[in-house]
Each structure stands twice: as structure tokens, then as C-alpha cells.
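To start, the structure itself, in C-alpha cells.
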There are 2 protein chains.
Amino acid sequence: MSETFLLGILGGMGPLATLDFQRRLLEATPAQSDQQQLPSVVWNVPQIADRQKALAGMGPSPLPQLIYGIKKLNEAGASHIAIPCNTAHHWYDALAEASDAPIVHIVDATLDALAKQVTRPQRVGIIATEGTLNAGWYQQKLAAHDIESLLPTADELREWFVPGCYAVKRGALREGGKLLGHQASALFARGAQKLVLACTEVPVALEAVRAPFLHLTYDPSQALAERCSSLWQAYQ
Amino acid sequence: MSETFLLGILGGMGPLATLDFQRRLLEATPAQSDQQQLPSVVWNVPQIADRQKALAGMGPSPLPQLIYGIKKLNEAGASHIAIPCNTAHHWYDALAEASDAPIVHIVDATLDALAKQVTRPQRVGIIATEGTLNAGWYQQKLAAHDIESLLPTADELREWFVPGCYAVKRGALREGGKLLGHQASALFARGAQKLVLACTEVPVALEAVRAPFLHLTYDPSQALAERCSSLWQAYQ
């Protein structure tokens, strides 16, 4: 860890989610001047193998490119690293090993934020890629808090989540928001009291359509931004 | 110039204007997937000496920090560099000399965009810092197109522009938009047919308050984003 605080952001997954994360960082930091805002260096290179396809066995692994980005951020002097993409955390251990700077884990940041709440839900729905769902991070950590997880079905993922997510990637936020809204409703209908928006494209789309259930969601991108902002505020 | 396209963005002046520029880059680039979006590395470190105070002789020069950022972007592999801050272009020559990658000049991008328009105004108002106004870039280039420049008075800068600009830097967009709206109205009242928003904080604030005269403005941040996006599209 270097002596100076500098947040390295491994972005590009997707580029819009990266911007959304940067905005949350700014908003999470009380600042009266430019100079009080969190310093960052952003590797926002979206020419990276598709994470969802790689985990479905239908494309090359993004790991070499992820490690390249991590190395670039370390070379630039990053003291901490954040990755505003849930699915990319599939490769967390390999990336942490390749990095001198500690990588703030998006799932830990989310569950720590959830654990601080006074009243906790009993059943939480998880909107995420198949890769994130198969990894089981959110389910395991929710179970440790005695919270039951509800997952999208394979049909729901195919009909709503996946096309919604790719709509965001091509800038069609309203279309994405509508599809992801269907996914959310299905989880509420099966008994979810709250939802974890565990793919960083999802809050971008749901906020664009002003989804009426946003107050019933946990946003890992927001939790990661608040954790990083706290680290910066503690450093000052 | 390296073989691979990578836009280095020297940001942090301010951090919100940097995000606004990144959003414009995304919107200027037709993309159906993450992979088609422009790759960038962003040095978004706002702990840099105040440019306005330095040029008023009331603070240290930001040049060493600007050169440091330029060197970091070159080390990261930038093939081109953009600086979404008009005032920082005061140090353009020194930065260009310190950079292997060419730096796209924000004033050139703006005037080239203006020159392409079918009907041109006769009188253009310039909303900018005293540093940018004293440098005279916009006035000289507008004169070369037979366009007269109208500048804010010292009183207007003190009452409206400077506090409006610093309001944006502390996140008070509505307050900033109101003050900058007064500055704009004063220039229109003196005969300006269009305005150049030659400080990257200005469009952020005017868009936040949905200023009714936005269709009568030229936005250097937008022109710079379009120029950079064109370079990327030509490269693909």
C-alpha cells in the first residue's frame, strides 16, 4: 500500500456502470471544493472478454485483461482498488494475488451495509448474472445473517435479466429498465421483501425509469462507493 | 503515439466536469456493446492547485501536478490525451512538450465544430474564467471567423461567474445554475447571439437547471468529446 490515497477503479464492465459508480463516489463524499473529493485513477477499457459468456463456457476468459488492468492501476500508484462489476468478482482471488493494493470486495461492502440496518428482511431476492448467482457469494453471506435468498429462474434470466442487461450496454436504458422491472416484480411476487441489485447495470436502468420499488433495494455499487469514500475520509 | 487507441483523460478539474465529459464521450459513440465504447484511462485527481487562483497570482502554480498527471497517462499507454478543463489549457504548450501522446486542444475542437455550422452568429458571448479570457484563445479564433466576442465584465465575473463556478465544485448545481444563468442573460442583453460555455463546470450547472437558452450555446466539453470519439471511430 502506497503512502498516498489513490483509488484505482477497474472499470469498463460496462463503461456506463463505471460512470454511475464514479457519480456515487462523488455524491458519497462531503466536499466543499474540488480538493476534498476522492482522488482516483480509472481504467475504463471495455474491450474485455464478455464475463457472462466466459462463465457460460461460450467465450474466452477475461482474466488476462482483468490482471492487465489491475497491474496498470498498481503502476499508476493506486493505494486501494474497487471493481464496480459483481460478475468480475468471480476472479477476485486471482486479482487480489496480482495486486499490491488491497481490492475492496463488493459483496463484503454490501453485506456490511445491510448488517447495519435496524430491521432486516427475512427473504431477499438477488438480481444478478448467472455467474454471480452460481458463485453463491450473496446467498452464503445472506444465510450467515439468517436471511433466505430468492433467485431468478433460468426462464426469467433468459427472458428478462440477460436482455435487460445487454440493453443497458447498448444505451437503451428505458428498454433495460422495463425488462429488469419484470425481473424484480417476479421476485417480489415469490415473496422477496427486498432485492439486491447485484449487477452494476441494473440500478442504472431502474433509476432511469424511476422504478417505484427502488426504496426496497440494496445497491452493491452504492455500498462499494460508500466504503471507498469512508476509506478516503478516514485518510484525510 | 502507441499502436493501440487509448484516450488519456487529465481530469479532476473539477471531478464533476470530468464525469460530465466521460458521459458525453459515451453518448457521442455509437455502440451496441461494451466492447465498441471508447477505451480510456482517467487521471481524476482533484488535489491540484486552484487554476483560477494561480492565474490571479494568488496561489501556487498547478503546472507540476498537471505534468505529473500527463506523465502518468503516458505511462499507462495513452495514445491521445484530452483535458476537459478550459483554464488548464493555459499550460497547454508545457504539457504538450511533456507528453508523447498528442493532446487534443479544446479550443480547436470547439472552433472546428462552430466552423462547420451553416449559419454563423456575428456576436458570441464567452463565459469563462479570467484566466481563459485573458489568454484570448476564443476571442482570437472567433475573430479569424469574423465573429465578434463579448466578454463578461469584472463585476459580472465577481458577482455571478466565480461564485457560480465554485457552487458547482461543492455540488450546489441549482445555485450554480442560477448564478451562471444571470451571467448568460447579461451577455445576451449586450447583444450576444450565441454563447461559448468555455468553462467545463458551466454546462453541468446550466443543464441541471434546464436553462432555456441551451440551444443557443456552444459547449467545448461536447466538442472535445465528439472530436475524441471521432478519433476512436476512425481507429476501429
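From a predicted model like this one, the values you see are computed outputs, not experimental measurements. Below, chains carry the letters A, B, ... as their sequence lines are ordered, and counting in each starts from 1.
- By the 4.0 Å N-to-carboxylate-O rule, R51(B) lies close enough to D34(A) to be salt-bridged with it.
- Atom CD of Q233(B) sits in a crowded spot, with more than 12 heavy atoms from other residues, nucleotides or ligands closer than 6.0 Å.
- Residue-environment remark: CD (E97(B)) stays at or below the threshold of 12 foreign heavy atoms within 6.0 Å.
- Looking at S40(A), the atoms closer than 4.5 Å to chain B (heavy atoms on both sides) sit in the backbone and in the side chain alike.
- Using a 4.5 Å heavy-atom cutoff, the side chains of Q22(B) and Q22(A) are in contact.
- Residue Y68(A) qualifies as open at atom OH: its count of foreign heavy atoms under 6.0 Å is 12 or below.
- Formation of a donor-acceptor pair under 3.5 Å by the Q37(A) side chain with backbone atoms of G12(B) is not found in this model.
- If you tally non-hydrogen atom pairs under 4.5 Å between each of R23(A), M13(A), K72(A) and chain B, the highest count goes to K72(A).
- Minimum heavy-atom separation, P46(A) to P39(B): CD-CA, 3.8 Å.
- Interface remark: L38(B) contributes backbone atoms only to the contact with chain A (heavy atom separation under 4.5 Å).
- Interface check for chain B: of the options L25(A), L19(A), L26(A), V45(A), the most heavy-atom pairs under 4.5 Å are formed by L19(A).
- Listed options P15(B), A172(B), G14(B) were ranked by heavy-atom pairs under 4.5 angstrom with chain A; first place goes to P15(B).
- In this structure, the side chain of Q47(A) engages the main chain of Q35(B) through a donor-acceptor pair within 3.5 Å.
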